[in-house]
2 protein chains.
Amino acid sequence: MATRPRKTPSKPQAFPHPHHDHSRCTANALRTAETVCEKHGARLTEIRRRVLEAVWASHAPIGAYDILAELNTDGGKIAPMAVYRALDFLMEHGLVHRLASLNAFIGCALASERHTAHFLICRSCKSATEMDGTAVTRAVKKTLSEHGFVPENEIIEIQGLCAHCHKESA
Amino acid sequence: MATRPRKTPSKPQAFPHPHHDHSRCTANALRTAETVCEKHGARLTEIRRRVLEAVWASHAPIGAYDILAELNTDGGKIAPMAVYRALDFLMEHGLVHRLASLNAFIGCALASERHTAHFLICRSCKSATEMDGTAVTRAVKKTLSEHGFVPENEIIEIQGLCAHCHKESA
DNA sequence: ATGATTAATGTTATAACGTAACATAAATAA
DNA sequence: TTATTTATGTTACGTTATAACATTAATCAT
């Protein structure tokens, strides 16, 4: 008998330790991307992969034009359109999220599971991480039903200090 | 014995009926703005008032450059800076909110009470309204404490269909 | 394989959103 | 009335994002 599929992301994401081995995050993300694309019958082309790598260069959200600069460090002349197109692709497939409050993009650590992304954004170290949105989504649903509002997309971005930075500043 | 001050906005805001008497909303907003500014020792100058009026021209969020166009319909040459400065002022005093997901601004119907704004945004009629964020904020707080994250600002914007538009489309 | 079709990328130009920096004018305080 | 602060004017530019059309590369059907 198969186990019941879970409705929520497997683990609440923690803010990464400042000195963690980030190469593993990136490697994981790329492997996941390959899997996801294969499953979706989508092509992870050169430029899409490079954009994803740039996004995963850190846990801080990165702007489209910073990604562009990264891609062109070798003197290339990739245009903004190319980056935005790659980002659109990556978002469609759940590999990247956009943070509306920062006009910036961040890699999704839970790309293989469908979910609504809720973010915690640290104003000190600039990193951002997905929070477990289960309780919040429940609260939103409840409130919405009182309004008769039918939700389609939740944008939830909490800005503040992550545990590491808060400890530092104490 | 005085009644205990309420922590939450007095009433949950409903989506305005499509055919409501909007002139009253605007009039209320302007009166409130005067009161608030007086209380804060701030000046509601000509341009600030005109920007506020433009914002209150409807319940749909409006972009800064649309406000600008509105102000210049008479052939004036007000510059973008002036609009952004007025918007900054109005936001500081809680008279206007910014919707990060739309790069747009909307009048605050609860300007006299301090609160965090949570929005419902209808993709059909384009109007937006503040929801009662009490339950959501509670859920956010709870989740955050598990992360050790210290919140400073909550951006919550739910996109979907308001009750009126949902009924229409049914 | 070959041509038809779709998908992806290249290229140019421009729209939309937002701010820096410095000059001027208007209100308030001394 | 002069000094000071507050608000606005003005110019220029930075940043973010997309439209429109051309070209190239992959996939499909025969």
Side-chain angles (χ1 to χ4, degrees), chain A residues 33-34 36-55 60-72 74-93 95-106 126 155 157, chain B residues 33-34 36-38 40-55 60-72 74-93 95-106 121 126 155 157:
Chain A
E34 276 158 17
V36 167
C37 285
E38 179 145 10
K39 194 162 76 182
H40 295 186
R43 291 164 52 207
L44 188 61
T45 60
E46 169 73 7
I47 195 168
R48 289 166 179 172
R49 171 187 294 272
R50 290 184 66 198
V51 167
L52 186 59
E53 281 170 1
V55 165
I62 183 174
Y65 277 76
D66 291 332
I67 294 170
L68 181 62
E70 182 62 31
L71 297 197
N72 283 336
D74 59 355
K77 332 173 202 301
I78 293 172
M81 259 324 298
V83 172
Y84 281 104
R85 285 199 278 234
L87 286 169
D88 284 345
F89 171 88
L90 294 169
M91 286 190 291
E92 264 174 31
H93 294 282
L95 299 167
V96 158
H97 295 292
R98 180 172 189 275
L99 295 177
S101 65
L102 301 177
N103 294 331
F105 304 83
I106 189 167
K126 309 298 180 191
I155 294 168
E157 300 175 16
Chain B
E34 275 159 18
V36 166
C37 285
E38 178 145 9
H40 295 185
R43 292 166 50 208
L44 188 61
T45 60
E46 169 73 8
I47 195 169
R48 287 166 180 172
R49 170 187 296 272
R50 290 185 66 198
V51 167
L52 187 59
E53 281 170 0
V55 164
I62 182 174
Y65 277 76
D66 290 332
I67 294 171
L68 181 62
E70 183 60 32
L71 297 196
N72 283 337
D74 58 356
K77 330 175 204 304
I78 294 173
M81 261 320 302
V83 172
Y84 280 104
R85 285 199 278 233
L87 286 169
D88 284 345
F89 171 89
L90 294 169
M91 285 192 290
E92 264 174 32
H93 295 282
L95 299 168
V96 158
H97 296 291
R98 180 172 190 276
L99 296 178
S101 66
L102 300 178
N103 295 330
F105 303 83
I106 188 166
I121 304 169
K126 308 299 182 192
I155 293 167
E157 299 173 16

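Just so it is clear, the model here is predicted, and its values are computed rather than measured. First the proteins, then the strands, lettered A, B, ... as listed; each starts at 1.
Straight-line distance from the CE atom of B:Met81 to the P atom of C:dC22: 14 Å, rounded to whole Å. Atom CG of A:Leu44 and atom C1' of C:dT9 are 15 Å apart (whole Å). Atoms NZ (A:Lys77) and P (C:dT9) sit 19 Å apart, rounded to a whole Å. The CG-P distance, from B:Asp66 to C:dG18, rounds to 11 Å in whole Å. Distance CG (B:Leu68) to P (C:dT19): 15 Å, rounded to an integer number of Å. Across the protein-nucleic acid pair, A:Asn72 atom CG and C:dG10 atom C1' stand 13 Å apart, rounded to whole Å. Taking atom CG of B:Asp88 as the reference point, atom P of C:dC17 lies 16 Å away to the nearest angstrom. Remark: C1' of D:dT18 and CE of A:Met91 are 13 Å apart, rounded to the nearest angstrom.
In the set C:dA8, D:dG9, C:dG18, C:dG18 carries the atom at the smallest distance from any side-chain atom of B:Ala64. Closest to the side chain of B:Ala79, from the set D:dT10, C:dG10, C:dT12, is D:dT10. For A:Pro80, counting side-chain heavy atoms from C-beta on, the closest listed nucleotide (C:dC17, D:dT8, D:dT18) is D:dT18. Distances from the side chain of B:Arg48 to the nucleotides C:dT9, D:dA7, D:dG9 place D:dA7 closest.
The closest donor-acceptor contact from the side chain of B:Glu157 to the backbone of B:Ile121 lies at 3.5 Å or more, if one exists at all.
Contacts of A:Ile78 with the nucleic acid, taken as non-hydrogen atoms under 4.0 Å apart, are absent.
Between A:Asn103 and D:dT15, a side-chain N or O to OP1/OP2 separation shorter than 4.0 Å is absent. Between A:Tyr84 and D:dA17 there is a side-chain polar atom (N or O) within less than 4.0 angstrom of OP1 or OP2. For the pair B:Arg43 and D:dT6, the criterion of a side-chain N or O lying under 4.0 Å from OP1 or OP2 is not met.
Residue-to-nucleotide contacts include a donor-acceptor pair under 3.5 Å from the side chain of A:Arg85 to the base of C:dG10. The base of C:dG18 lies close enough to the side chain of B:Tyr65 for a donor and an acceptor atom to sit less than 3.5 Å apart.
Checked for salt-bridge contact, B:Glu70 and B:Arg50 miss the test: no charged N lies under 4.0 Å from a carboxylate O.
Taking the six-membered ring where tryptophan is involved, the planes of B:His40 and B:His93 are tilted, since the angle between them lies from 30° to 60°.
Here the straight-line distance linking atom CG of B:Leu99 with atom CD1 of B:Ile155 works out to 10.0 Å at 0.5 Å rounding.
Between A:Phe105 and A:Met91, some side-chain heavy-atom pair lies under the 4.5 Å cut-off.
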